[in-house]
Amino acid sequence: MQQHWNNIYRTKDTTQVSWYQDYPKTSLELISATGVERSRPVLDVGGGDSRFIDVLLASGYTDITVFDIASEALRKAQSRLGMHAQQIRWVVADVLHLPDDLQVDIWHDRATFHFLRRQEEIVRYKAMAAEHINPQGYLVLGTFSTFGPEQCSGLPVSRYSQQTLQEVFLPDFEPLRSFEEQHTTPFRTTQPFVWTLFKKISTRTSIDHE
């Protein structure tokens, strides 16, 4: 898997891959909605060479960790950011095997979760999130909806409805907000995503469906 993604980032222009966004509006809005102070730790899961990090820095977030399985992706991001890259903690890792010392208030992922296909991987992902998100912290998750593509970058993916995505993370995470969104690729095609903002608590409250 690592070789696959390193090859993708080695051979393709990041602005010409299907997941590219000039400005990650939804991600930033959901993170801002948590009300978490910008000095608190934020993790971008599978961040790669995403412009999301640029936006976090510009918005005043000061404790940011980016991890990706592809070292080539992180190398490209570091090169693009120049001296600003020194403000980020970069980790080459598999989402299912994170550093023990990593604790965050916000866990953001719009890149990785849908590539988990086996039930044991999905259970392990939830366990990693529950372990590494601080009490009362937040999980911001964007993944392919049931109407999304069946493959991405040559790999099969899992797809979710708002309900099935929420069910994965109960009872450890409470869904606060859930909606579907169309992502427009650089090729002017669309990919349906489902987004959910979760809070790490033990009891449930109402869900805002849009």
Side-chain angles (χ1 to χ4, degrees), residues 1-6 8-9 19 24 27-28 30-31 34 36-57 61-78 81 85-144 152-153 155 157-158 160 165-166 168-175 195-202:
M1 187 65 72
Q2 188 173 47
Q3 182 178 355
H4 173 86
W5 288 111
N6 274 325
I8 291 287
Y9 280 100
W19 58 88
S27 295
L28 186 61
L30 289 174
I31 284 179
T34 67
V36 170
E37 294 183 4
R38 298 183 182 190
S39 60
R40 300 297 300 167
V42 178
L43 171 66
D44 189 22
V45 175
D49 190 23
S50 167
R51 299 307 191 267
F52 179 57
I53 303 309
D54 308 55
V55 172
L56 284 181
L57 288 172
Y61 289 88
T62 58
D63 189 345
I64 304 168
T65 298
V66 181
F67 88 78
D68 200 284
I69 196 172
S71 58
E72 183 66 20
L74 300 187
R75 184 198 64 77
K76 291 178 76 170
Q78 292 165 0
L81 287 167
Q86 299 174 19
Q87 302 173 48
I88 308 296
R89 179 185 181 186
W90 306 93
V91 180
V92 178
D94 184 315
V95 66
L96 304 182
H97 301 89
L98 297 180
D100 292 339
D101 65 344
L102 180 66
Q103 293 297 138
V104 299
D105 282 9
I106 298 175
W107 170 303
H108 169 268
D109 179 4
R110 75 172 287 269
T112 301
F113 185 66
H114 41 245
F115 287 108
L116 304 180
R117 300 275 292 164
R118 298 196 302 272
Q119 183 62 26
E120 58 267 31
E121 294 176 331
I122 295 168
V123 169
R124 174 71 176 174
Y125 181 102
K126 176 184 174 180
M128 287 290 94
E131 177 181 345
H132 292 284
I133 298 174
N134 290 324
Q136 305 297 307
Y138 296 87
L139 166 61
V140 178
L141 187 58
T143 193
F144 288 130
C152 179
S153 296
L155 297 175
V157 296
S158 297
Y160 296 87
L165 184 61
Q166 292 163 18
V168 168
F169 291 92
L170 291 172
D172 300 297
F173 292 89
E174 172 193 9
W195 284 91
T196 302
L197 169 62
F198 295 94
K199 187 173 185 179
K200 184 186 172 183
I201 62 175
S202 58

Set out, in order, the CA-CA distance, both residues' side-chain angles and the distance that settles side chain to side chain contact (heavy atoms under 4.5 Å, CB included) for Ile201 and Gln136, then state yes or no. CA-CA 6 Å; Ile201 62 175; Gln136 305 297 307; 3.1 Å; yes

Hey, what do you get for [atom1] ([X]) to [atom2] ([Y]), rounding to the nearest 0.5 Å?
X      : Y      : atom1 : atom2 : value
Asp63  : Arg38  : CG    : CZ    : 14.5 Å
Ile88  : Phe67  : CD1   : CZ    : 15.0 Å
Asp94  : Arg124 : CG    : CZ    : 9.0 Å
Tyr138 : Leu30  : OH    : CG    : 12.0 Å
Phe198 : Leu170 : CZ    : CG    : 7.0 Å
Ser27  : His108 : OG    : NE2   : 3.0 Å

Check: [Y] and [X] side chains under 4.5 Å, non-hydrogen atoms:
X      : Y      : value
Thr196 : Tyr160 : no
Phe115 : Val95  : no
Trp195 : Val140 : yes
Ile31  : Val36  : no

Might you point out which heavy atoms bring [X] and [Y] nearest each other, and give the distance in Å?
X      : Y      : answer
Pro24  : Val55  : CD-CG2, 3.6 Å
Ala77  : Gly48  : CB-O, 3.5 Å
Gly47  : Val66  : CA-CG1, 3.8 Å
Tyr61  : Ile64  : O-CD1, 3.7 Å
Lys126 : Phe173 : O-CE1, 4.4 Å
Glu121 : Arg117 : OE1-N, 3.1 Å

task = Using the test side chain to side chain contact (heavy atoms under 4.5 Å, CB included), find all partners of Asp109 that sit at least two apart in sequence or belong to another chain.
result =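 By the side chain to side chain contact (heavy atoms under 4.5 Å, CB included) rule, Asp109 matches Val45, Trp107, Ala111, Thr112, Phe113, Tyr125, Leu141.
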
Can any side-chain N or O of Lys200 pair as donor or acceptor with the backbone N or O of Leu139 at less than 3.5 Å? no

Sorted by chain and number, sequence neighbours left out, side chain to side chain donor-acceptor pair (under 3.5 Å) with Thr34 holds for none

Within 6.0 Å of CD in Gln87, more than 12 heavy atoms from elsewhere:
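Yes, the 6.0 Å shell around CD holds more than 12 heavy atoms from other groups.
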
Mind listing the side-chain donor-acceptor pairs of residues 96-106 below 3.5 Å, one per line with the distance, residues two or more places apart or on another chain?
{"unit_1": "Asp101", "atom_1": "OD1", "unit_2": "Arg89", "atom_2": "NH2", "d": "3.1"}
{"unit_1": "Gln103", "atom_1": "NE2", "unit_2": "Glu131", "atom_2": "O", "d": "3.3"}
{"unit_1": "Gln103", "atom_1": "NE2", "unit_2": "His132", "atom_2": "O", "d": "3.4"}
{"unit_1": "Gln103", "atom_1": "NE2", "unit_2": "Asn134", "atom_2": "OD1", "d": "3.2"}
{"unit_1": "Asp105", "atom_1": "OD1", "unit_2": "Arg40", "atom_2": "NH2", "d": "3.4"}
{"unit_1": "Asp105", "atom_1": "OD1", "unit_2": "Asn134", "atom_2": "ND2", "d": "2.7"}
{"unit_1": "Asp105", "atom_1": "OD2", "unit_2": "Arg40", "atom_2": "NE", "d": "2.7"}
{"unit_1": "Asp105", "atom_1": "OD2", "unit_2": "Arg40", "atom_2": "NH2", "d": "3.4"}

